[in-house]
Amino acid sequence: MAFDLIVRNARLANGNVSRGTVDIAVSNGRIAAIEARISGDGENVDAAGCLVSPGLVESHFHLDKSRILDHVSPLPDRRATDHMARTSNVKHTFTVEDVYARARKTLEQCLLNGVGHMRTHVEVDPNVGMHGYEAIERLAKDYAWGIDLQLCVFLQEGWTNVPGAEKNVVAALKRGAAVVGGAPRYDADGPGQIRRIFALAREFDVDVDIHLDGGYTTHDMAIHLVCDLTDENGWSGRVAIGHGNKYSCLATAELAALGRRLAGSGVAVSVLPATDLYTSGRHLEHSVIRGVADANALVAQGANCSIATNNVLNPFTPYGDCSLVRIANLYANVVQRGTEQDLAECFAMVTDRPARIMRRADYGIAVGNPADLILWNAGTPAEVVATVAQPLMGFKRGRRVFTRGLPTLHRP
């Protein structure tokens, strides 16, 4: 039988790796067979016992404001907290071409690091208008050969207190944005913004993804309102929040109770360790709080969680190489999760779990699903996270997206 591609001797991330290797056959961009040994013609790739997973999933990203460090004013001092102001001050200079060029560089680095799906938040505040949305909308079409890009439209700098700002959100939803979000922390009426987000989600039948509960106080968490509105609107499984720094300040029993509430309402949490570490605890001179929620503890209570990159090379996160596995490793270090089971769960939080957030019913290595495959220089999901393993090769719908060679040690 003729196939377009056969990946041989693969260890599956979504199976029992102790059972040995399998072959994966691909036809017309989809997985046609998964068996111990497949006979047939077609391009052959020997995984040589390496782990093969579906493409990584970035559930919370900001392509439109990546790589702007050369646009913004220098950090005034090490403990400064003016990340928002420094970004806001240059957004009026963004053009469609500028956003597209910066975002393209970032997106290509993500592809080379094994990302096959991404939800990117796009700001449409009056000082940037629709420039960012138009650029990322075009980028999604141009790079559909390598990644499925989902756009979440939102206002970063205020909503209810900014007359006329909502018109850009509505315009993007009419153009096809699949998700509506917001940042109620920067609104004069945060609860009012959250309610308006849900109203628009119902009107346009889109998902919700809100920047929520940044900071370190726990008496004023907005997550309970989000869960209430999710229940009232029947939006279970269609709501996510990003950050949740406050949850890192909860006692164990309180965190467990939150996990149960999230699970009951079907609200997911995307933890963003690089940004949360950089921006948290700047009011402290010593014993600085981490600000990174323990997603594993929430998952243990039945909640769905993901780990994501968020920002790359901007005032909120002035570094980043677009390696989601590195971010997962950073997260595991910060929340002190190191067992095989914990690290395997961390890998799930950059693959299967964020795919659920994005409601990808066809995600995963199974017959009939798109042939989105990543070969890793590792044998197990836990090893990928523990060693920050390199992806060696990637396919999107059976088409090769990248190849990465391993370094060679030249012995004397």
[X] side chain vs [Y] backbone, donor-acceptor pair below 3.5 Å:
X    : Y    : value
N304 : R353 : yes
R8   : D46  : no
N161 : W159 : yes

## Note on the structure
Sorted by chain and residue number, the side-chain hydrogen bond (donor to acceptor under 3.5 Å, both in side chains) partners of N296 (sequence neighbours excluded) come out as Y331
### Query
Would Y278 and N311 count as having a side-chain donor-acceptor pair, cut-off 3.5 Å?
no
### Task
Compute whether any side-chain donor of one residue and acceptor of the other, for K65 and Q156, lie under 3.5 angstrom apart.
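Yes, because at least one side-chain N or O of K65 sits under 3.5 Å from a partner of the opposite role on Q156.
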### Task
Show the numbers, then the answer: is there a salt bridge (charged side-chain N to carboxylate O under 4.0 Å, His left out) between R67 and D98?
CA-CA 10 Å; R67 300 175 185 269; D98 162 60; over 6 Å; no
### Query
Is the H243 ring parallel, tilted or perpendicular to the H60 ring (thresholds 30°, 60°)?
perpendicular
#### Entry: Geometric cation-pi criterion R138 and Y100, 6.0 Å radius, 45° cone
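Yes, R138 and Y100 form such a contact.
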Heavy-atom check, side chain of [X] versus side chain of [Y], under 4.5 Å:
X    : Y    : answer
H117 : K396 : yes
P315 : I68  : yes
L212 : I194 : yes
V179 : F154 : no

### Task
Step through it carefully: locate the ring centre of H283, locate the ring centre of Y216, and say whether they are under 6.0 Å apart.
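Ring centres of Y216 and H283 closer than 6.0 Å.
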